[in-house]
Every structure is written in structure tokens, then in C-alpha cells.
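Comments concern the structure below.
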Amino acid sequence: QNTNTEEITMTLPSLQLNMDRIYPFTGKNGAKKNAIQKTGLTYSMKGENRINTTDEFFFKKQMFDEAKSGLQHNISMNTNMKALKYFTISPSVTYKDVWYFDRINKTFDDVQNAVVTDTISSFSRFNEYSTAVSLGTTFYGMFKFKKGSKIEAIRHVVRPSVSYSYRPDFSGYNEEVQNSADPNDIIEYSPFSNGIYGSPGT
């Protein structure tokens with residue numbers, strides 16, 4: 001609570017769940033001999049209900065009407081494999097699923113000659129996914145000093161790597177609205193732009 005501005009910010013309740021990494025494709029006795037058996041899976045979830053209000057509306061209907069809430073699920077899978085004896089290839093996939101309980105809807109009002117934004121209470125969701133792969137190796141070296149020196153040798157390690165990642169365009173979740181009296185003046189907007197976990201990336 002800020003006593004100067006009379007603003008109150010609360011996160012109530014807040015939920016977080018994290019699952020330990022599991023290997024669903026391991027062989028007998030937990031063997032991990034190939035890329036499939038080495039595939040690891042992790043899952044996490046977080047949820048929040050955020051309230052931003054002032055002393056004037058504290059615990060009144062408007063405070064609850066303007067509260068923002070959501071759930072975010074994250075799943076990732078990765079593995080690794082040897083290539084050309086000295087290199088390691090590590091592919092990975094991530095998936096995010098976001099749930100909201102309201103969304104915004106924009107319409108053009110001919111009377112006001114302006115875009116009107118409404119908040120609609122309804123369950124809505126969007127998802128995103130991406131993939132990546134990296135290639136790396138390790139070099140070991142030994143720098144030896146002359147006999148009689150206090151330091152006999154320095155061992156050094158070099159780990160060069162190169163990686164590539166890809167995430168599709170998720171602007172397909174966006175919607176269109178007329179922006180002015182000109183019916184050809186159309187703009188895009190995200191119905192999730194007010195969400196606590198953001199909106200789909202473009």
C-alpha cells in the first residue's frame with residue numbers, strides 16, 4: 001500500500017507448482033543409452049490473482065471487477081546425442097499454455113467516432129511453442145610450467161557451441177477492428193493484451 005497515492009496492490013492468492021524432471025522413455029533399470037531414453041520432461045504451473053485498487057474502492061465491487069487472474073502452464077523436453085565422436089547435439093522443445101478468465105473486445109462506435117474497449121468475462125486461452133538445437137564440444141589443454149615453479153601446470157577447458165532456435169508467428173490470435181470513420185482503416189489488436197502473463201508473440 002502506498003500511503004501517498006492511496007494505491008493498493010495485492011496478489012491473492014498465488015499458486016506455483018514445479019515437477020521434478022522425469023525420463024519417460026528410459027530402458028530397464030533406468031538405463032539412458034540413446035537419445036530417446038535420455039529425453040527429459042519438465043512441467044511447471046503458476047497462477048495468480050492480482051488486484052490493483054485504491055483506498056476508495058478497497059473491498060468494494062469495483063476492486064473485484066478490475067482484478068486480473070490467470071494460469072500459465074510450461075512444458076519442456078530435451079535430450080542429447082553424440083555426433084562424429086567429439087560433438088554433442090542437444091535438441092529441445094518448449095510449450096506454453098496460458099489460461100485467462102476474461103478478454104478484451106474492441107468495436108468502433110459510429111456515434112463517438114472512436115474505438116470502444118470492453119472486457120468480456122469468459123474463459124480464453126492461447127498457446128505458444130518453440131524449438132531449439134545446439135551443437136557443442138569440449139577441448140582440454142594443459143599448460144606446464146618449468147621445473148621448480150610453485151605452480152606445476154594450469155589445466156584449461158574450452159567449450160565452443162553454436163545454437164539455433166525457432167518460434168512461429170502467433171499473430172493468428174489477433175483480431176481486427178475499424179479504427180476510424182474510414183471502413184478501410186483496420187488495425188489489429190490482441191484480446192489478451194491486458195493479461196498478467198502477456199499475449200501471444202508476433
Side-chain angles (χ1 to χ4, degrees), residues 1-2 5-22 24 39-78 91-132 165-180 182-202:
Q1 181 178 9
N2 188 320
T5 63
E6 298 184 348
E7 293 180 351
I8 299 173
T9 302
M10 295 186 294
T11 301
L12 181 72
S14 177
L15 171 69
Q16 188 155 336
L17 174 68
N18 294 294
M19 183 186 76
D20 290 337
R21 182 182 299 274
I22 61 171
T39 300
L41 172 69
T42 59
Y43 168 79
S44 65
M45 179 192 72
K46 59 182 178 180
E48 289 183 13
N49 183 61
R50 296 180 189 173
I51 297 173
N52 291 294
T53 188
T54 61
D55 288 347
E56 180 183 0
F57 301 108
F58 189 60
F59 269 101
K60 294 182 180 178
K61 183 177 183 298
Q62 183 172 335
M63 184 189 85
F64 297 101
D65 290 343
E66 295 180 354
K68 297 180 181 180
S69 57
L71 287 169
Q72 178 174 293
H73 308 266
N74 294 286
I75 300 174
S76 66
M77 294 182 68
N78 68 319
S92 63
V93 176
T94 59
Y95 175 83
K96 179 175 74 172
D97 201 281
V98 177
W99 297 357
Y100 289 139
F101 304 99
D102 56 41
R103 55 187 286 151
I104 65 171
N105 181 63
K106 295 188 176 186
T107 54
F108 180 75
D109 190 313
D110 295 326
V111 177
Q112 300 182 34
N113 195 29
V115 175
V116 178
T117 302
D118 296 311
T119 300
I120 301 173
S121 296
S122 66
F123 175 78
S124 57
R125 58 175 290 271
F126 71 86
N127 59 67
E128 291 182 323
Y129 53 87
S130 62
T131 183
S165 61
Y166 171 74
R167 182 184 62 83
D169 176 15
F170 292 99
S171 60
Y173 285 102
N174 290 350
E175 297 179 0
E176 296 182 342
V177 63
Q178 183 177 327
N179 192 44
S180 65
D182 180 3
N184 295 318
D185 183 12
I186 303 297
I187 61 171
E188 282 192 353
Y189 72 94
S190 172
F192 308 104
S193 58
N194 282 343
I196 60 176
Y197 298 121
S199 55
T202 59

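What's counted below: heavy atoms across the whole structure, side chains too, no hydrogens, waters or symmetry copies. Numbering starts at 1 and runs along the sequence shown. Predicted model, so just to flag it, every value in this text is computed and none were measured.
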Gap between atom [atom2] of [Y] and atom [atom1] of [X] - 0.5 Å precision:
X: Thr53; Y: Phe58; atom1: OG1; atom2: CZ; answer: 8.0 Å
X: Ser76; Y: Lys96; atom1: OG; atom2: NZ; answer: 13.5 Å
X: His73; Y: Lys46; atom1: NE2; atom2: NZ; answer: 12.0 Å
X: Ile186; Y: Glu176; atom1: CD1; atom2: CD; answer: 6.5 Å
X: Thr117; Y: Lys106; atom1: OG1; atom2: NZ; answer: 4.5 Å
X: Asp55; Y: Asn2; atom1: CG; atom2: CG; answer: 9.5 Å

Begin with the C-alpha distance, continue with both residues' side-chain angles, and end with the deciding distance and a verdict on side-chain contact (heavy atoms from CB on, under 4.5 Å) for Asn127 and Tyr173. CA-CA 10 Å; Asn127 59 67; Tyr173 285 102; 3.4 Å; yes
Check whether any side-chain heavy atom of [X] sits under 4.5 Å from a side-chain heavy atom of [Y], and report yes or no.
X: Phe123; Y: Asp102; result: no
X: Asn105; Y: Glu175; result: yes
X: Glu6; Y: Glu56; result: no
X: Ile75; Y: Leu41; result: yes
X: Phe59; Y: Phe64; result: yes
X: Thr39; Y: Met77; result: yes

Locate the shortest heavy-atom distance separating [X] from [Y]; write the atom from each residue and the value.
X: Tyr197; Y: Val98; result: CB-CG1, 4.2 Å
X: Ser190; Y: Ser199; result: OG-CB, 3.2 Å
X: Pro191; Y: Asn174; result: CD-CA, 4.4 Å
X: Ser14; Y: Glu48; result: OG-CG, 4.0 Å
X: Asp169; Y: Thr202; result: OD1-CA, 3.2 Å
X: Thr131; Y: Ser92; result: OG1-O, 3.1 Å

**Message:** Under a plain distance cut-off of 3.5 Å, with no hydrogens placed, do Ser180 and Asp182 share a side-chain donor-acceptor pair?
**Reply:**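 Short answer, no.
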Exercise. Parallel, tilted or perpendicular for Tyr100 and Phe192, by the 30°/60° rule?
Worked result: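 Correct class here is tilted.
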Salt bridge (charged side-chain N to carboxylate O under 4.0 Å, His left out) partners of Asp97, counting only residues at least two apart: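 Expected list: Arg125.
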| query | After noting the C-alpha distance and the side-chain angles of Thr94 and Asn74, does the key distance pass the side-chain contact (heavy atoms from CB on, under 4.5 Å) rule? | reply | CA-CA 7 Å; Thr94 59; Asn74 294 286; over 6 Å; no
(request) Would you check if the side chain of Arg103 reaches a backbone N or O of Asn194 as a donor-acceptor pair within less than 3.5 Å? (result)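 Between the backbone of Asn194 and the side chain of Arg103 there is no qualifying donor-acceptor contact (under 3.5 Å).
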Between Glu128 (side chain only) and Gly201 (backbone N and O only), is there a donor and an acceptor less than 3.5 Å apart?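 Indeed, once roles are kept as given, a pair shorter than 3.5 Å links the two residues.
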Would you check, one step at a time, whether the test side-chain contact (heavy atoms from CB on, under 4.5 Å) holds for Asn52 with Glu7? CA-CA 7 Å; Asn52 291 294; Glu7 293 180 351; over 6 Å; no
Apply side-chain contact (heavy atoms from CB on, under 4.5 Å) to the pair Val115 and Asn179, showing each step before the final yes or no.
CA-CA 6 Å; Val115 175; Asn179 192 44; 3.8 Å; yes
Point to revise | Pair Tyr129 and Phe170, ring centroids less than 6.0 Å apart | key: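 Yes, ring centres under 6.0 Å apart.
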